[in-house]
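From a predicted model like this one, the values you see are computed outputs, not experimental measurements. In the text below, chain A, chain B and the rest are named by the order of the sequence lines, each starting its count at 1. The figures that follow rest on heavy atoms only: side chains count, while hydrogens, waters and symmetry mates do not.
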2 protein chains.
Amino acid sequence: MTQNNGNLEWRSPCPVSSALDVLGDKWSLLLIRDLIIHGPRTYSQFLEAPEHISTNILASRLELLTCLKLIERVNPDAPSRNNAYHLTESGAALRPILEAMGKWAGAHLSDFHADMVRMP
Amino acid sequence: MTQNNGNLEWRSPCPVSSALDVLGDKWSLLLIRDLIIHGPRTYSQFLEAPEHISTNILASRLELLTCLKLIERVNPDAPSRNNAYHLTESGAALRPILEAMGKWAGAHLSDFHADMVRMP
DNA sequence: CCGGATCCTTGTCGATACTG
DNA sequence: CAGTATCGACAAGGATCCGG
């Protein structure tokens, strides 16, 4: 726990609200996207994504997602060097959310974002 | 435009990333949720939701969602007093995303959030 | 080199008071 | 009732430094 000091506060008992309490930021779901598209991925591979997350944010998000058991180290006992992260079952279950988002953006955001491509 | 000074910057051409550029915060999708559940809703009705958004954030989100044509005034020509917002077609198309989120949270977040209920 | 941690600047959030 | 103004707290971003 470096920055996220056990931050698990829920605004309400609503499931949608709870999902947003956890994933309602601009980066977490993007890391999940990378893992779904490319499979297991190391720290530096995440940094190579076109959106350019900064190192401190990446470290804190990986820690949070690990706490929530959405991702884990491929080899839990090995040192972190070249030890990739991969999705747990809970993390992989986020795929329908990302698919719905991609589908929606493709259909309703192209007026505002001409360069957008279909399905990364 | 008070706080959102025409902020339409896209991090990449990826649809998922683009959706998160617009909706990747803890409040926007919650307002959409209220509109899906309750139908047209006024400023003060949004404030009554259990998550307690503050007035400046609410105003800035309503403005942003209006710019993106996800919501609009029920009566565009009337003064704002008691003039509710409702979903456009693009806004209503977000429903599958919210359903996927609710479903996922119900299945994978109950270990961390015991009080969560199923489907708001 | 890789995976971070630290420092510092900038931006956004959130509470409350206030206004048309 | 529907916002706006203000201000403090905190999170994001960027650059750099460090241990293995």
Length of the line joining A:Ile53:CD1 and C:dG4:P, which is rounded to integer Å: 13 Å

Aromatic plane relationship, B:Tyr85 with B:Phe46 - under 30° parallel, 30 to 60° tilted, over 60° perpendicular: tilted

Carboxylate-amine/guanidinium proximity below 4.0 Å for B:Asp111 and A:Lys69: no

Atom-pair distance (CD on A:Gln45; P on C:dG3), nearest Å: 8 Å

Pair B:Thr88, B:Glu72: side-chain N/O donor-acceptor within cut-off below 3.5 Å: no

Under-3.5 Å donor-acceptor pair between A:Asn56 side chain and D:dG14 base: yes

Donor-acceptor pair under 3.5 Å, A:Thr55 side chain vs C:dA5 base: yes

Distance in angstrom units between A:Leu47 CG and C:dC1 P, rounded: 16 Å

Gap between atoms CZ and P, on B:Phe46 and D:dC1 respectively (whole Å): 15 Å

Separation of D:dA2 P from B:Arg73 CZ (nearest whole Å): 9 Å

Between C1' of C:dC13 and CG of B:Asp25, the distance in whole Å: 10 Å

Sugar-phosphate only, base, or nothing, as touched by A:Asn82 at under 4.0 Å among non-hydrogen atoms: sugar-phosphate

Which nucleotide in D:dT4, D:dG13, C:dT16 has an atom nearest any side-chain atom of A:Ile57: D:dG13

Atom pair distance, as rounded to whole Å: CG in A:Asn75 and P in C:dG3: 14 Å

Side-chain ion pair, B:Lys26 and A:Asp21, N-O less than 4.0 Å: no

A:Arg81 side chain near C:dG4 phosphate (N/O to OP1/OP2, under 4.0 Å): no

Separation of atom CG in A:Leu31 from atom P in D:dA12, rounded to whole Å: 12 Å

Presence of A:Trp27 side-chain N/O under 4.0 Å of D:dG13 phosphate oxygens OP1/OP2: yes

Given D:dA2, C:dG3, C:dG14, the nucleotide with the shortest approach to the side chain of A:Ser80: C:dG3

Residue-phosphate contact under 4.0 Å: A:Tyr43 side-chain N/O, C:dA5 OP1/OP2: no

Cationic tip of A:Arg95 above B:Trp104 ring, under 6.0 Å, 45° of axis: no

